[in-house]
Amino acid sequence: MPTIKRSLGRPARFSPRAPALWLGLILSLGVGAIFHAATATSVESDAKERFDTMARNAQATIEARIKNYTDVLRGSASMFEANESISRAAFHRYVAGLDLARHFPGIETINFARTFSEAERVRVEAEIAHDGAGAEDGYPPFAIQPPGRRDSYSALVYIEPIGTWGHKLGLDLHTRPSVAAALDLARDTGTLSSSGLPLDVFSGPNRNGLAMRLPIYRSGMPTTSVAERRAAFIGSVGMGLSIDRLVQGVLDAMPARHARLTMVHHGADKDTLLYDSAATLAQPDPPLAPASSGSFVKTLPIDFNGRPWQGQFSVDKDALFTGFDVAFPWLAGGAGFVTTMLLYALFHTLASSRQRALQMAREMTRELRTSQSRLELSHEKLRQLAAHADQIKEDERKRIAREIHDDLGQNLLALRIEADILAARTGARAPRLHARALATVAQIDSTIRSVRQIINDLRPNVLDLGLSAAVDWQIADFRRRTGIACELIEAEDELEVDDHCATAFFRILQESLSNIVRHAQASHVQVRLRRDDATLMMTVSDNGRGMAAAGRHKAGSFGLVGIEERIKLLGGTFAVTSNPGMGTYIHVTVPLRAGSQHPIADLAIA
């Protein structure tokens, strides 16, 4: 019985602490819930931001494809305006050269519609028949459709690829009032016209098509007024696009699984659905994804040559959450609960000794401030390291070049002297050994030249003398190597720029002159270098053969890309002006900030 009395008395001893323990448990649960909610919100916000970035990238991809296809149409129009006597065979070769299936999969067809009057009909039909006589290109016999006599015609005479589009040959576009009105407006204004609404030319979900047309005017005739444009108008070049192929691969490039894209055309009367990646044969018109707690939705505008499109990207949130994203809020909530419980237990235990608790609080505060100071110091060091990372790379190149020069260069020079002495002493007595010694001397000379070239490639020593000296040396070396006249125009004052900027301008000049030697076929080059207030400017121009607009982005060519990236890192601007037969003009500007370093690495320009 006494034992029982003691066991019964024990709960009474600890009962005063029970409310405090329950308070600690409730507080810890509350903190854990706050941690869980805050972390879940942060994870969802990060996922939303990632999805928005994916959607904007997809929007930019679609608009870039539209621009590329529009440029193809403008190029086709330029071909007809440059030469009115384009034959069907020439048009076939031109379109075949574009390799639509590979480079422009969204283009279904490119065609040319010739405009003529009833009085010209017989002559035009005879010319078309003569143009296609004997050709085995798949074209059916030409016949204007629908048949009948009209005041004027705008008939399709060239269609490439002809394949499945042969039945459209000879179609008079002016027979449809809406199309005729759009073509007349484009003719009078000289602007591109687009259908905006899908064309009923394909079958199946998402098999919608769009059309674009561009007026063509007779070369050499004025087109400043409506009357002049009507007099010079000869026809139009058109393009048929497949919307599903236009956006093909855009969703596949998005890291999000099962993302959905819908595109809607906003018309004056109604909105028209152009594309829905969720459409199937079983459900060709699924409902649009609503913005809800279980999904992300991003709506962005898409410009189709002035036609207002709206692209809606949607995805389930679960598709963007990784296993860690799902578990992280619970881990944060558990950590908050455990941490709060431990802290509460600690302070509850130390409450019996006020002095000890105050002392521990002071120590913890001091340690926290020390840790914060160390953390701030560490962050400052990291910022300094990032700011000087590029300078360290350049210094390392300088060091390697210096060590090669001081060690390997001196050793090769000493070895060359010894070999030269050996060759001199064996000239008469040992002809064979003398020949070997001379060969050794020649090999050492070749090695010394290679070492000097390596040193110069790593870091030209003339850069240590300043940008003006480096430019003078480069131009003199260019004249010596190529025999091309090169003129330097620069400010009289010495240009004071930091090492990063000097290196970048030297490399840009080096690459520009190299491109002139390889491609320009120029006989005169002019380099201008000057400083205007807080801006350093350099232009390189030549009188060579120039280059086409597409030459800047030719596959495998990275010279101009390297120059552009280098200037971007300096915070400057880069422009190239060139036309075939008119030479090339390169202009770069860089802002000069006093007392600052440009964050640029020593890029290698291909």
Side-chain angles (χ1 to χ4, degrees), residues 65-116 123-144 153-171 173 192 201 209-220 232-242 245-246 248 519 545-557 578-581:
R65 290 182 181 180
I66 294 173
K67 183 182 182 303
N68 289 340
Y69 293 173
T70 305
D71 290 342
V72 170
L73 184 64
R74 296 187 185 280
S76 302
S78 298
M79 179 183 67
F80 281 97
E81 289 182 345
N83 188 354
E84 295 181 18
S85 61
I86 294 294
S87 64
R88 193 165 79 190
F91 185 69
H92 172 76
R93 289 192 299 270
Y94 169 77
V95 177
L98 293 176
D99 195 358
L100 300 181
R102 179 179 178 184
H103 301 295
F104 308 98
I107 300 179
E108 292 283 348
T109 178
I110 300 178
N111 55 72
F112 170 65
R114 184 170 176 177
T115 300
F116 52 92
R123 178 179 57 82
V124 170
E125 289 178 333
E127 291 177 355
I128 296 173
H130 180 268
D131 186 21
E136 297 181 358
D137 50 12
Y139 272 69
F142 178 81
I144 297 177
Y153 306 87
S154 184
L156 296 177
V157 296
Y158 298 154
I159 303 176
E160 292 292 340
I162 190 65
T164 59
W165 299 91
H167 65 285
K168 295 291 185 179
L169 186 68
L171 177 65
L173 302 179
L192 182 145
V201 294
L210 293 176
M212 295 190 298
R213 302 204 69 83
L214 196 64
I216 300 174
Y217 302 100
R218 187 168 286 104
S219 178
F233 183 70
I234 60 176
S236 62
V237 63
M239 176 184 296
L241 301 178
S242 173
R245 291 186 181 180
L246 175 68
Q248 185 178 15
H519 309 297
R545 63 180 183 178
M547 61 180 176
R552 290 188 57 185
H553 307 287
K554 184 173 62 176
S557 177
S578 180
N579 290 304

Asks: In sequence, state the C-alpha distance, the side-chain angles, and the governing distance for Glu160 and Tyr94, and then conclude on side chain to side chain contact (heavy atoms under 4.5 Å, CB included).
Replies: CA-CA 9 Å; Glu160 292 292 340; Tyr94 169 77; over 6 Å; no

Asks: If you apply the rule side chain to side chain contact (heavy atoms under 4.5 Å, CB included), what do you find for Leu210 with Leu246, and how did you get there?
Replies: CA-CA 10 Å; Leu210 293 176; Leu246 175 68; 5.8 Å; no

Asks: On a heavy-atom basis, which atom in Ser236 and which in Ile216 lie closest, and how many Å separate them?
Replies: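 That would be C-CD1, 4.0 Å.
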
Asks: Return yes when atom CZ of Arg102 has more than 12 non-hydrogen atoms of other residues, nucleotides or ligands closer than 6.0 Å, and no otherwise.
Replies: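 No - once you tally the heavy atoms of other residues, nucleotides and ligands closer than 6.0 Å, there are 12 at most.
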
Asks: Compare every heavy atom of Pro161 with every heavy atom of Leu100, then report the nearest pair and how far apart it is.
Replies: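 The answer is CD1-CD, 4.3 Å.
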
Asks: Rounded to the nearest 0.5 Å, how far does CE of Met212 lie from CG of Leu192?
Replies: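 Answer for the CG-CE pair, Leu192 versus Met212, is 6.0 Å.
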
Asks: Can you tell me how far the CD1 atom of Ile234 sits from the CD atom of Glu81, to the nearest 0.5 Å?
Replies: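 Reported value, rounded in 0.5 Å steps: 7.0 Å.
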
Asks: Please identify each residue that fulfils salt bridge (charged side-chain N to carboxylate O under 4.0 Å, His left out) with Glu125, with sequence neighbours left out.
Replies: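 For Glu125, the residues satisfying salt bridge (charged side-chain N to carboxylate O under 4.0 Å, His left out) (neighbours in sequence not counted) are Arg121.
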
Asks: So which heavy atom on Phe233 is nearest to which on Pro215, and how close?
Replies: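 In this case the closest contact between Phe233 and Pro215 is CE1-CB, 3.7 Å.
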
Asks: What distance do Ile162 atom CD1 and Lys168 atom NZ have between them, rounded to the nearest 0.5 Å?
Replies: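 The CD1 atom of Ile162 sits 12.0 Å away from the NZ atom of Lys168.
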
Asks: Decide yes or no on side chain to side chain contact (heavy atoms under 4.5 Å, CB included) for Ile107 and Leu241, but give the supporting numbers first.
Replies: CA-CA 5 Å; Ile107 300 179; Leu241 301 178; 3.8 Å; yes

Asks: Hey, could you give me the OH/OG distance between Tyr158 and Ser87, rounded to the nearest 0.5 Å?
Replies: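 The OH atom of Tyr158 sits 6.0 Å away from the OG atom of Ser87.
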
Asks: Work out which heavy atom in Pro105 is nearest to a heavy atom in Arg245; give both atom names and the distance.
Replies: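 Minimum heavy-atom contact is O-CD, 3.1 Å.
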
Asks: Please find out if less than 6.0 Å separates the ring center of Phe80 from that of Phe112.
Replies: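 Yes, the ring of Phe80 comes within the 6.0 Å limit of the ring of Phe112, centre to centre.
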
Asks: Between CD1 of Ile128 and CZ of Arg123, what distance do you get to the nearest 0.5 Å?
Replies: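 CZ of Arg123 is found 10.0 Å from CD1 of Ile128.
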
Asks: Between Leu73 and Gly238, what is the shortest heavy-atom contact and its length?
Replies: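 Smallest interatomic distance, heavy atoms only, reads CD1-C, 3.8 Å.
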
Asks: Please find the pair of heavy atoms, one from Leu156 and one from Leu169, that lie closest to each other, and give the distance.
Replies: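 Minimum heavy-atom contact is O-CD1, 3.6 Å.
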
Asks: Apply side chain to side chain contact (heavy atoms under 4.5 Å, CB included) to residues Val72 and Asn68 and explain how you reach the verdict.
Replies: CA-CA 6 Å; Val72 170; Asn68 289 340; 5.7 Å; no

Asks: With rounding to the nearest 0.5 Å, note down the distance linking CG in Asn111 to CG in Leu171.
Replies: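 The CG atom of Leu171 is 9.5 Å from CG of Asn111, to the nearest 0.5 Å.
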
Asks: Under a 3.5 Å cutoff, is there a donor and acceptor pairing between the side chains of Tyr139 and Asp131?
Replies: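 No, no side-chain donor-acceptor contact under 3.5 Å.
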
Asks: Inspect the surroundings of NE2 in His167 and state if more than 12 heavy atoms from other residues, nucleotides or ligands are less than 6.0 Å away.
Replies: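 Above 12, so yes.
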
Asks: Are side-chain heavy atoms of Phe91 and Met79 found at a separation under 4.5 Å?
Replies: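 With C-beta onward as the side chain, the pair touches.
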
